[in-house]
Each structure stands twice: as C-alpha cells, then as structure tokens.
Amino acid sequence: MSDFPPAASGFLVDATTTALILAARVATGVRAEWQGCDPTTHRRIYYANHVSHGDFVLLWSVLPPALRRVTRPVAAADYWRATRMRRYIAEEVFRAVLIERTRTEETPDPIALMADALSGGASLILFPEGTRNTGDERLLPFKSGIYRLAEKRPEIECVPVWIDNLNRVLPKGEIVPVPLLCTVTFGAPVKLGEGEEKQAFLDRARAALLATAPTNGENHKDG
Amino acid sequence: MAEPNLLILAGGVFAILAVASLIGFILKRTISWRKPHAVIDNLNARIKAWWVLVALMLIAFLFGKTGVVLLFAFASFTALREFMTLTPTRRGDHYALAASFFVFLPAQYALVLADQYGIYSVLIPVYAFLALPIIAAFRAETARYMERVAQVQWGLMICVFCLSHVPAILNLDIPGFEGGNLLLITFLIIVVQASDVLQYVCGKLFGRRKVAPNLSPSKTWEGLIGGVGLATLLGGGLWWLTPFTPLVALAMAALIAIMGFFGGLVMSAIKRDRGVKDWGQMIEGHGGVLDRIDSLVFAAPIFFHLTRFFFSVS
C-alpha cells in the first residue's frame, strides 16, 4: 500500500476522530454487518445510499481501524469548505477527496481526482445518487460518476453499502437527533464487466445496493 | 435484615450460574466439541450473558436507590430505542420521538427517584398521552396519524412507564419491612426471570403442543405449565425475602410468572407484525434488551400496585 496523503496524526486529529466515532456510536448504536464480503484492506470503492450529511461518518466509524486509515470519503467541496470547522474535519480528519459541484475551466476533473486517490492506495466512499435522498423513493437513480471511475480502474471492487435508519435519526432540516439504532450493511461486491455499457453497469450496481438493504427496511422508510 | 439476605441470594444465584456454566461446558464437550451446535451454543451464550446481567444488577444495588434507578433508566432507554427503531414512524413524529427520549423518559425516572408517586403514576398515561398527539399534530402530517400516535404512546408505556415500576418498588413504605425493598425487587426479578428460564428449559425438554403457533414457535403448553409452576414454587420458597406469608408469596409468584408469560406473548405478536425475530442484538444469545425484559415489563406494574394496595401505608 503506497503512502497517500499526510497520514492522519497528531493529538488533535486523533481526539477528533475518537470523539466523532464515539458520538456516532452513542447516537445510533450503529452495528456493521459484513454480509457480502469481509473487511479487508484491499483497495475498494464503497458506494452507499445518501440520506444525511452524517452518512459517511457512520460508514467510516464502523470500519475496522486498519481500513479506516486508508479509506477516504468523496464529498462536496462547497459544503465541506464552507466553515473552518467543516474544512478541518473534511481535510485533516477524514482526508476527504473534495469535489467541486459546479465545474469551471480551472476545476480539476473529479473522476481524475478519485482515480488518483485510488492509485495512491486509498479506498473511497462514494454516494452515486449524487445528492441526499429526501423523498419517498428508496434509492434515486445513479449518476454516471461511479461508471466512469470503474472504467478507469476496472480492477477495483465496488462494494455496495446500505446505511439504514440514519434518515430517521436526523431528518433533513431537524436539529435534535433521535437516538434510533442504525445498521451499516456491506453487500456483495460488483465489478465493471468487459465491454459493459454505462446504463447496464449503473442499473446492476444500483440493484446490488438495493439487495443489500435489510428486508424489514420497509419499516424504516421515512416520509 | 436486608444485607445478609441479599448476600445469601447473590451466593445462591452465583451457585446456580456456576452449575449452569458447568452443564453448558459438559454439553459442549460431550455433544458438540469443536463443532457449532445451535442450541448448545445459544445456551452457553445465554449463560454468559446472565453472568454479566447479574453482575450489573449487583453493582447497581451497591449504589442503592440511585444505582437501581439509573440501571433501569438505561434499560428503558435501550428498550425504547429498540422499540422505536422497529416502529414505522414518519418525519412528522420526529418531535414526538425526541420528547419521548429526552423529556418523558428522564422525567419519569427523576420522579421515581424523588418518590413522587402522585405524578409519576400519571406522567405518561395522562400527560404524555395528551402531549404527544398535540406535538404530532403540530407537524401537520396526517397520514396514518392515529396509528403513529398510538405506536409512539405504547412504546413509551411499555419501555418506560411499565419498567420504571421496578425501581419504584423502593418507594413502597411497608410497616415492619423497612430497608427490605431491595429484596422485594430481587424477588420480582428472580421469579420473572426464573419463569422465563424454566419455560425455556421445560419447553426444550418436553415441549410438544404450541400455545400460539402464529405468534411464537417456542412457547409450548408444557413449557408454560412447567415454567410457571416451578417459578411459583420457587417464589413461594422465597417468602422469607418478602413481607408476605408463604401462601401470599406463592400467589404473588404465580401472578408475576403468568403476567411475564403474557408479556412475552404480546411482545412476540409485535415482533411478528414487524417481521423480526429479535428486538435487537445487544445481549448475545438473548437478542435485544427488550427480548430479555418483556416479561418483567408486564409483571412489574401489577406486582407494584398489588403490594402497594395491600401492604404499603404510603
């Protein structure tokens, strides 16, 4: 595993990490279910459903420490650079790969940024819906980013991860979280097939994520 | 008089657990050495969890009333989160849920600690039952309103109100039994949990006819009669812990054990409706906290009120 970014270190970073993980665990009693694969340090793309800003914190907090150290979330630059606090957490604690949502001439190609992070030895956390899902639909259609990334790095497994119940802990627009139990389920990995079309891959990846959701999940649906 | 009796009890419980652990070890050794065996492994996980639960109880007892109240407040919190996690609430219930966790739960236990029977006996069935629909109405979400309000209220009733009657036993003022209320709690818990364990054991050994096949495959008439019968005898034999005569202790134990059985049955019905086997995964071998305390929840208020009515002066 090569050495990607300035490895997280220092008392403040460690303390923040511990505090965030502890907060996530206490608030949600979160449990990891490795259903379709085992936790290994192979480079992977974890792709998950997106209902809350806390999604990747929760996913990240259930990873065993050795995996957590090499796993970087992909997040929106405008949101995570908006305040000093967020910026610190995104850049120093999570070492997020920050993506500009509005493209201009100077903004680097997001797919290239992610591919570079993978080449640097990191695993990624992606939300292929592209935006937080606040509607009645269980899972929004996927944006094409995950396909274009898989095209560049076809050897890397994409692991579907279903984050259950977090939308009920803190629905969009609410301030007080309700301490319901959350689960994070890791499903069976998918890889881009030889010559597989964009839409076919996106549909397959989306179906794999839906198949990862717990069966009594209908009860958990918010809205 | 409380202290030596409590020590004798603790010794007795530890002796029983030690015997159970030994039996579990021998079963594992003789029947399924090195191989997984669903029933034996589950049995051993349960016994191990019992050690932890008994140790937790004893530690709470060492801290007196505050310790017991805090222990059950924590149990209520975990049970309520298990219940609400499996309840299909909607976004419009968010404040009602927040109020349940952060207002009514702490208030109920604070009032039990402060010995305010006049208010803790009505806080949830009156005040919460009026406040929660109002809070939910404010959110102006009408879809399945009645159903949602009822579910949140009942979760609060079972997980917080009913369970808080266990530490509330410490508030009873029984002439000639001063300082012994911890033993009364122990009596309740031992009879309820012994009934559960004995129902499980009798069911596994002799179970043939199911009581309610649609609700729970593990509840059999043989288990029910054997478990409740033996727990009743055990309760009668423990009369010296209580302010009761042996006959009254026997009757109380029978009532507790039967209510406990019905508690398990009702909670199974809810789980069946939700399509799950267990309420949670917190206690290895047992499932969630709610799986372990469902019978206690139904027995506690009845035991509390009967004792209060017939024996207490407050």
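Numbered from 1 within each chain, the chains take letters A, B, ... in sequence-line order. Heavy-atom basis, side chains included; hydrogens, waters and symmetry copies ignored.
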All side chain to side chain donor-acceptor pair (under 3.5 Å) counterparts of B:Asn44, not counting sequence neighbours
none
Which one of B:Met84, B:Glu82, B:His94 has the most heavy-atom pairs closer than 4.5 Å to chain A?
B:His94
Positions in residues 56-67 of chain A that reach chain B, provided some heavy atom is under 4.5 Å away:
none
Over 60° means perpendicular and under 30° means parallel, so tell me whether B:Phe77 and B:Phe101 are parallel, tilted or perpendicular.
perpendicular
What residues form a ring-ring contact (aromatic ring centres under 6.0 Å, His included) with B:His165, not counting sequence neighbours?
B:Phe161, B:Phe304, B:His305
Any carboxylate oxygen within less than 4.0 angstrom of a Lys/Arg side-chain nitrogen, looking at A:Glu157 and A:Lys191?
no
Please collect all salt bridge (charged side-chain N to carboxylate O under 4.0 Å, His left out) contacts where either partner lies in residues 37-50 of chain B, sequence neighbours excluded, each pair once.
B:Lys28-B:Asp41
Could you walk me through whether A:Asp55 and A:His50 satisfy the side-chain hydrogen bond (donor to acceptor under 3.5 Å, both in side chains) test, starting with their C-alpha distance in whole Å, then the side-chain angles of each, then the deciding distance to 0.1 Å, before giving a yes or no?
CA-CA 6 Å; A:Asp55 281 338; A:His50 198 16; 2.7 Å; yes
